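Reviewing the structure listed below.
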Amino acid sequence: MKSSVGLIGLGLMGRPIATNLLKKGFSLTVWNRTPARAQALASEGARVAATPQEVAAASDVLIVIVSDPPAVEHVLWGGKGALASLRRGSTLVECSTISPTLARREAAACAERGVQYLDAPVTGGTWGAEKGELVMMVGGAAETLKGVEPVFAAIAKRWFHLGPAGAGQTVKLAMNLLLALEVDALAEALALAQAGGVAGGLLVEVMQSSMGRAPVLDVKAPMLLEHNYPPSFPLRLMHKDLALALELAKELGVSLPAGTAAGEIYGKILNAAREDLDYAAIGRYWEKAAK
């Protein structure tokens with residue numbers, strides 16, 4: 001018999017995750033801060049809860065995927081928060097990107113209640129979420145992971161067990177640091193080539209056939225070349241993840257000079273933005289510099 005699944009958070013990633021769980025036949029209860037997004041899933045077969053507590057009470061496996069650490073704390077520990085209603089023996093899966101410290105705090109709170117815990121942030125963008133082809137970075141007990149693998153199979157193509165609670169978040173922050181630097185470097189390289197009189201598309205064509213090849217080019221290079229940045233991975237979330245990575249580096253005594261510089265540039269573009277943009281909008285820094 002399939003587990004009853006709860007899902008808190010129906011944003012760019014949560015909504016397609018919910019749809020794929022329903023397609024795979026899971027009984028799904030959802031909650032979202034903006035009720036209209038939750039109601040839209042009712043026609044697909046989801047039960048809409050009035051509070052995070054109600055979702056937790058109905059779930060064998062509760063997935064949380066919200067925007068940032070304050071949102072996580074609110075839906076778990078706030079008024080009518082989910083933690084108070086999680087059933088003994090159920091599993092909380094934290095798919096939001098947060099600090100490893102907060103993940104370990106969640107794990108401890110779950111253990112006190114007889115609840116199993118995994119931190120399992122995801123990557124793959126909105127297109128991966130829609131196709132059910134996310135990649136999940138998992139921290140927690142191997143036995144807990146084995147128990148939720150049928151749920152993960154409905155939304156992801158691969159998952160990696162990386163260690164105890166917090167390990168998934170550590171790898172996610174390290175990976176997003178790399179992605180932020182890759183797109184930052186691409187934007188700089190395009191600015192240099194174009195200032196030298198070479199079309200940016202030609203640089204990308206050469207990179208795609210060389211050691212500079214990276215899958216992120218497939219998605220972000222067209223945005224940079226067209227100066228069009230619809231949010232697949234929003235700038236505001238990448239800036240948040242960079243801040244978390246830099247905070248973790250400080251705690252661990254690790255110097256990240258390139259990450260620090262990138263964080264400052266992403267911050268400038270975010271502060272100047274008047275709409276929700278993809279993090280490839282970092283290209284605007286060099287567009288302004290060229291004017």
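This structure is a prediction, so every number in the text was calculated from the model and none was measured.
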Is [Y] reachable from [X] through a run of I, L, V, M, F, W or Y residues, each pair having side-chain heavy atoms under 4.5 Å apart?
X    : Y    : value
L7   : V61  : yes
I155 : V5   : yes
L224 : V219 : no
V216 : I282 : yes
L22  : I8   : no

Query raised in the report: Crowded around E205 CD? As in, over 12 foreign heavy atoms under 6.0 Å?
Result: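 12 or below, so no.
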**Report entry** Flag, side chain of D184 to backbone of A180, donor-acceptor distance under 3.5 Å
**Finding:** no
Are [X] and [Y] side-chain neighbours, meaning at least one heavy-atom pair lies under 4.5 Å?
X    : Y    : answer
V183 : M238 : no
P231 : L277 : no
V204 : L225 : yes

For [X] and [Y], work out which heavy atoms get closest and say how close.
X    : Y    : value
F152 : A120 : CZ-CB, 4.1 Å
A214 : E182 : CB-OE2, 4.2 Å
A154 : F26  : CB-CE1, 3.9 Å
H239 : Y266 : CD2-C, 4.0 Å
A107 : Y117 : CB-CD2, 3.5 Å
L12  : P234 : CD1-CG, 3.6 Å

Which atom pairs, donor and acceptor, lie under 3.5 Å between side-chain atoms of residues 244-258 and protein residues at least two apart or in another chain?
none

In Å and rounded to the nearest 0.5 Å, what is the [atom1] to [atom2] distance from [X] to [Y]?
X    : Y    : atom1 : atom2 : answer
K2   : L21  : NZ    : CG    : 9.5 Å
L92  : C110 : CG    : SG    : 4.5 Å
Y285 : I265 : OH    : CD1   : 5.0 Å
F233 : K220 : CZ    : NZ    : 8.0 Å
L190 : M207 : CG    : CE    : 7.5 Å
L270 : R284 : CG    : CZ    : 11.5 Å

Query - salt_bridge(D119, R104) N-O dist < 4.0 Å - result: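 No, no charged N to carboxylate O under 4.0 Å.
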Query - SB check R213 D218 (cutoff 4.0 Å) - result: yes
Review item, side-chain donor-acceptor pairs of residues 28-43, under 3.5 Å, at least two apart:
unit_1, atom_1, unit_2, atom_2, d
W31, NE1, A50, O, 3.3
N32, OD1, L10, N, 2.8
N32, ND2, T34, O, 3.0
S43, OG, A40, O, 3.2

Query raised in the report: Can you name the residues that form a salt bridge (charged side-chain N to carboxylate O under 4.0 Å, His left out) with E112, not counting sequence neighbours?
Result: none
Requested in this report: Let me see the working for V198 and L203 under side-chain contact (heavy atoms from CB on, under 4.5 Å), right down to the final yes or no.
Outcome: CA-CA 8 Å; V198 178; L203 169 65; 5.6 Å; no
If you look only at distance, which donor and acceptor atoms sit under 3.5 Å apart when one is on a side chain in residues 62-85 and the other is two or more places apart or in another chain?
unit_1, atom_1, unit_2, atom_2, d
D68, OD1, A71, N, 3.0
E73, OE1, R105, NH1, 3.3
E73, OE2, R105, NH1, 3.4

Report task. Would you sort out whether K240 and L237 count as a side-chain contact (heavy atoms from CB on, under 4.5 Å), showing the intermediate values? Result -> CA-CA 5 Å; K240 177 264 297 183; L237 296 184; 4.2 Å; yes
Under 3.5 Å, which donor-acceptor pairs link side chains of residues 124-137 to any protein atom two or more places apart or in another chain?
unit_1, atom_1, unit_2, atom_2, d
T126, OG1, S232, OG, 3.3
W127, NE1, G124, O, 3.1

Output a table of donor-acceptor pairs, distance under 3.5 Å, between side-chain atoms of residues 156-178 and any protein atom two or more places apart or on a different chain; print 'none' if there are none.
unit_1, atom_1, unit_2, atom_2, d
W159, NE1, E149, OE2, 3.2
H161, NE2, G140, O, 2.6
H161, NE2, G163, O, 3.4
Q169, OE1, I98, N, 3.0
Q169, NE2, S96, O, 3.0
T170, OG1, G166, O, 3.0
K172, NZ, T97, OG1, 2.7
K172, NZ, V122, O, 2.9
N176, ND2, D241, OD2, 2.7

